[in-house]
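What you are looking at is a predicted structure, and each value in this text was computed from that prediction instead of being measured. Just follow the structure's listing: the first ligand is 1, and inside any ligand the first atom is 1.
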Amino acid sequence: MASLSVEQEPLELYTPSAEVKESAFIKDRAKVTEQARKDLEAFWAEAASEYEWFSPWEKVLDDSNKPFYQWFVGGKVNIVDNCLDRHVRTWRRNKLAIIWEGENGEVRTFSYHALNREVCMFANILRSMGVHKGDRVTIYMGRIPELPIAMLACAKIGAVHSVVYGGFSVEALHGRLEDSQSNVVITCDGGRMNGKLVELKKIADEAIRRAGSVEHVIVVRHTGQEVAMEAGRDYWYHDLMALPIAKSAAGSSRCETEVMDAEDPLFMLYTSGTTGKPKAIVHTHGGYMVGVGTTLKWVFDLRDEDRWWCTADPGWITGHSYIVYGPLLLGATSFMYEGAPTYPYPNRWWSMIEKYGINILYTAPTAIRGLMRFGEAWPNRHDLSSLRLLGTVGEPINPEAWRWYHRVIGKGRSPIMDTWWQTETGMFMITPMPETPLKPGSGTIPFPGIEADVYDETGKPVAPGEEGYLVLKTPWPAMLRTIYKDPDRYVQQYWSRFPGVYFTGDSARKDADGYFWIIGRVDDVIKVSGYRLGTAEIESALVSHPAVAEAAAIGLPHEIKGNAIHAFVILRAGIEPSEQLISDLKAHVVHEMGPIANPERIEIVTSLPKTRSGKIMRRVLKARAQGLPEGDLSTLEE
Ligand code: WTA
């Protein structure tokens, strides 16, 4: 793996202003880190005591059955009790929880009271439909308020939500439905993206037809577009919410919050891994809550008077942790936007920051690079002085984009929190805090309580500046507990490469100051515009086309997207290659997987580099495509 070139480390260091430092929630990171190092359990117990527990835990960390760690063992809790119930008993009941703007300019707001009411009513509906504690419910929606409402309603009654990103398409949804065996699907008629209507219900129908396990479909009317409703299976959300059963017998919208064990599953979220189909990562009520709430508070210094905007989609982990659960845990006001950043003009985001007075913006490098292209004039037309802190996530940020973000959007005042973490980690792991001196392109150092390192092939720490595998050496409360239905794969994939430590799948280096620099994935995961895709899913979408015999997908560097998908296909005998066929194949991948998986380029080939056991050597394809040395070819059989 030494073949990857590493960007020259920039010499600049950005130290936070006295003002930022003084107002930060954590003023002495080193001290807090030291405390956590001395007594990890006491550290997390203190963090957990910020939340409401129905009954306290008996043990903070149970590591008697590694790597199946358990946190806050014996504690009774429900994350929704902490996101909603707790706040509506205080003055926050009248505080805005969610401000939402549709791509067409429509605005909807929910106070904590209003959000809680809607969640309670929907939870009553789900219960009356026979959804019980532990049942899986699939949510497939656009970026609308009913998406967090549906997630919270499931969690409130102890059902396990499985959100499938609304940008995914038929086969991606089908695979996730089938694996989770959900009986209930919550979706919407359609979404708005880039001035166009997305046919979500139609995609859901096709996926449900392939899956077969679904009994009920609840459909939110959002765009008002024409959709087919199947009698006895499909119900309109607004019809259900108007039923008397949405309310309790006393006519109130009350709904009892289920008492959960700290270790009971809260949600599962499918993500791409090393080989094969996406796997569902399982997170819990107790530990996830503590990890997400603590990291958001400490890293983004989120205060009651703040307006927070995380631009991610709720369908990915960033949205789960930092649009839905984190901000609500802190009783914050969160802004959500439905559509494309450049619709109708490239100032859309900047105009909304001004309009709503956003204080903290958390986004992805790909968005920054995309908006940077349109020049400074667009953001400069708007008053962005409300911004106090900025953040980024999803892929390494190139120093050029970092500097633009810092100078043009943050006016040189707002530090950038470059947060490294994963679906699996649930919460920020390597991240600055407002007081941390910053180096553009580095996520800086591990969060208190987290020990990270960079290992060589043999599991030894590498020297400073050298590239290796990023590992995590201590358990943390928001860690994944397992892979749904596949505990062996959990052990195999994360805990076997280097026994006893968590393997991230990323390569990185650590500099002389102990700052971490993420380089990229070392497995078959491709990060396209910050979205995590697996080569296997793209390849299986390609081979499901009748013209394709074999396919291989790789990621190659792309100026805006970070990586773009390049695919190589072998056609079936008798099929003639043509430009038309290539565009048909691209359309087929989009139909099966969704627009984010659209290959940048498809090349028709007559053979693929394989090992003697028949595994495609994507590493070789990648090196060839980039004109780089092909490395060790001793196992190649072409
Ligand atoms: C990458 C997203 C560099 C990394 C929260 C990781 C990053 C994968 C950063 C997880 C960052 C995430 N700098 N790379 N700040 N944040 N990554 O599961 O490769 O969608 O392993 O979670 O994104 O992607 P996932």
Applied to residues 523-537, the salt bridge (Lys or Arg N to Asp or Glu O under 4.0 Å) test, sequence neighbours excluded, yields R176-E537, E424-R532, R521-D523, D524-R618

For R413 and R407, indicate whether the former's side chain and the latter's backbone hold a donor-acceptor pair under 3.5 Å. no

Sequence-distant partners of R497, salt bridge (charged side-chain N to carboxylate O under 4.0 Å, His left out), two or more places apart: E457

Does the gap between the ring centers of W495 and F503 come in under 6.0 Å? no

Quick check: F498 with Y455 (ring centres under 6.0 Å apart)? yes

Across all chains, not counting sequence neighbours, the salt bridge (charged side-chain N to carboxylate O under 4.0 Å, His left out) partners of D264 are none

Taking only heavy atoms of the protein into account, state which residues are under 4.0 angstrom from an atom of ligand 1, in chain and number order. I317, T318, V393, G394, E395, P396, D418, T419, W420, W421, Q422, T423, D506, I518, R521, K527, R532

